[in-house]
Amino acid sequence: MSPSSPPWRRQQLADACATRALGAALALWLRPTGPGLAAQAPMLLLQGDLGSGKTCLVQGLATALGIDEPITSPTFALAQHYLPRGADAAARPLVHLDLYRLEQAGAADELLAQEEESALELGAVLAVEWPERLSLPPSEAWWLELQLLDGADPEAGRQALLWRPAKAR
């Protein structure tokens with residue numbers, strides 16, 4: 001269910017360290033620019049099989065946003081909110097969603113709407129795992145698909161495909 005246009009960026013990730021590094025780079029790309037954009041909550045949709053590195057990537061993103069607490073998959077909590085440790089220019093809260101357990105698109109849509117509102121209030125980045133559970137993914141979101149190079153061996157690395165939001169193209 002990834003976007004139909006060609007990806008903006010394609011990158012091979014050899015291991016978890018490279019996946020976290022891509023997450024850190026995303027913190028820069030997700031930073032709003034231009035007048036009036038500082039109040040926006042950038043959204044990153046993360047698609048990939050179980051074990052493909054979605055949460056690992058969010059760990060790198062969180063570190064670059066100035067968050068120093070452990071980042072875990074919110075599969076059972078559905079949503080986690082993280083606040084940065086400092087007040088430097090890169091510091092920004094993070095709202096991390098995992099829609100995996102929501103089988104009904106309406107429930108996923110409702111949770112996304114609630115957490116998007118929270119992210120806006122916090123000025124947070126919103127990272128959403130399993131966006132394919134939504135009835136219609138937001139068009140103004142970054143989209144990242146992680147594909148294992150060998151489904152039987154997650155340590156063999158992965159390929160990341162990244163699409164920018166429609167307005168950024």
Side-chain angles (χ1 to χ4, degrees), residues 1-10 13 16 19-20 22-23 26-27 29-30 32 37 39-63 65 67 69-84 92-154 158-169:
M1 191 171 121
S2 32
S4 57
S5 62
W8 172 65
R9 183 179 181 104
R10 182 183 306 259
L13 305 169
T19 304
R20 284 190 292 276
L22 177 58
L26 279 164
W29 298 332
L30 292 168
L37 293 179
Q40 291 186 359
M43 187 183 305
L44 175 63
L45 305 176
L46 297 160
Q47 183 178 0
D49 291 334
L50 287 170
S52 63
K54 296 179 297 294
T55 300
C56 182
L57 185 127
V58 174
Q59 290 168 346
L61 172 65
T63 299
L65 293 173
I67 296 163
E69 60 185 290
I71 305 298
T72 58
S73 177
T75 300
F76 295 103
L78 300 179
Q80 294 285 358
H81 294 210
Y82 300 98
L83 298 176
R92 190 159 195 182
L94 172 67
V95 175
H96 184 195
L97 299 182
D98 188 326
L99 305 177
Y100 180 73
R101 291 187 324 123
L102 300 177
E103 295 180 10
Q104 300 296 320
D109 293 344
E110 185 177 326
L111 179 63
L112 178 64
Q114 291 170 355
E115 294 301 332
E116 188 173 18
E117 189 173 310
S118 293
L120 283 168
E121 290 171 7
L122 292 168
V125 170
L126 179 59
V128 182
E129 295 188 33
W130 298 95
E132 55 270 36
R133 299 285 202 243
L134 297 165
S135 60
L136 184 64
S139 63
E140 292 310 314
W142 290 75
W143 189 291
L144 182 84
E145 182 178 344
L146 291 169
Q147 302 170 342
L148 292 173
L149 297 178
D150 179 351
D153 181 14
R158 57 202 39 82
Q159 176 175 243
L161 304 171
L162 179 64
W163 289 265
R164 298 187 306 173
K167 282 186 181 178
R169 291 185 196 139

Return the set of residues passing side chain to side chain donor-acceptor pair (under 3.5 Å) with S52 (not counting sequence neighbours), or none when no residue passes. none
Backbone of V128 reached by a side-chain donor or acceptor of K54 within 3.5 Å: no
Show which side-chain atoms of residues 103-116 pair as donor or acceptor with protein atoms under 3.5 Å away, not counting sequence neighbours.
| residue | atom | partner | partner atom | Å |
| --- | --- | --- | --- | --- |
| D109 | OD1 | S135 | N | 3.0 |
| D109 | OD1 | S135 | OG | 3.4 |
| D109 | OD2 | S135 | OG | 2.4 |
| E115 | OE1 | H81 | NE2 | 2.6 |

Within a reach of under 6.0 Å around CD of E69, are more than 12 heavy atoms found that belong to other residues, nucleotides or ligands? yes
Once you round to the nearest 0.5 Å, how far does CG of L126 lie from CD of E117? 12.5 Å
Side chains of L26 and L57 in contact at under 4.5 Å (non-hydrogen atoms): yes
Minimal non-hydrogen separation, A160 against L144, with atom names: CB-CD1, 4.1 Å
Any donor-acceptor pair under 3.5 Å linking the side chain of W142 with the backbone of P42? no
For E121, all residues meeting side chain to side chain donor-acceptor pair (under 3.5 Å), sequence neighbours excluded: none
Is any side-chain heavy atom of P84 closer than 4.5 Å to a side-chain heavy atom of P93? yes
Determine whether H96 and E129 make a side-chain contact, defined as any pair of heavy atoms from C-beta on separated by less than 4.5 Å. yes
Residue list, side chain to side chain contact (heavy atoms under 4.5 Å, CB included) with Q147, at least two apart or on another chain: E145, Q159, L161
Just wondering, do R20 and T63 contact through their side chains at under 4.5 Å, heavy atoms? no
If you compare all heavy atoms of G53 against all heavy atoms of T19, which two are closest, and at what distance to 0.1 Å? O-CG2, 3.6 Å
Any side-chain heavy-atom pair from L146 and L13 closer than 4.5 angstrom? yes
Would you please name every residue forming a side chain to side chain donor-acceptor pair (under 3.5 Å) with S73, sequence neighbours left out? T75, D98
Minimum heavy-atom distance W143-P137, with the two atoms named: CZ3-CB, 3.5 Å
Do Y82 and L65 touch side chain to side chain, with heavy atoms closer than 4.5 Å? no
Taking ring-ring contact (aromatic ring centres under 6.0 Å, His included) as the cut-off, I'd like each qualifying pair that reaches into residues 97-134, sequence neighbours left out, listed once. Y100-W130
Closest approach of L94 and A124, non-hydrogen atoms and distance? N-CB, 4.0 Å
Under the rule for side chain to side chain donor-acceptor pair (under 3.5 Å), what residues qualify as partners of R9, not counting sequence neighbours? Q11
Less than 4.5 Å apart, side chain to side chain, heavy atoms only: is that true for I71 and L61? no
Any chance you could measure C56, atom SG, to L22, atom CG, to the nearest 0.5 Å? 10.0 Å
Interatomic spacing from CZ in R92 to CD1 in I67 - rounded to 0.5 Å: 10.5 Å
For the atom pair CG (L50) and OG1 (T55), what is the distance rounded to the nearest 0.5 Å? 10.0 Å
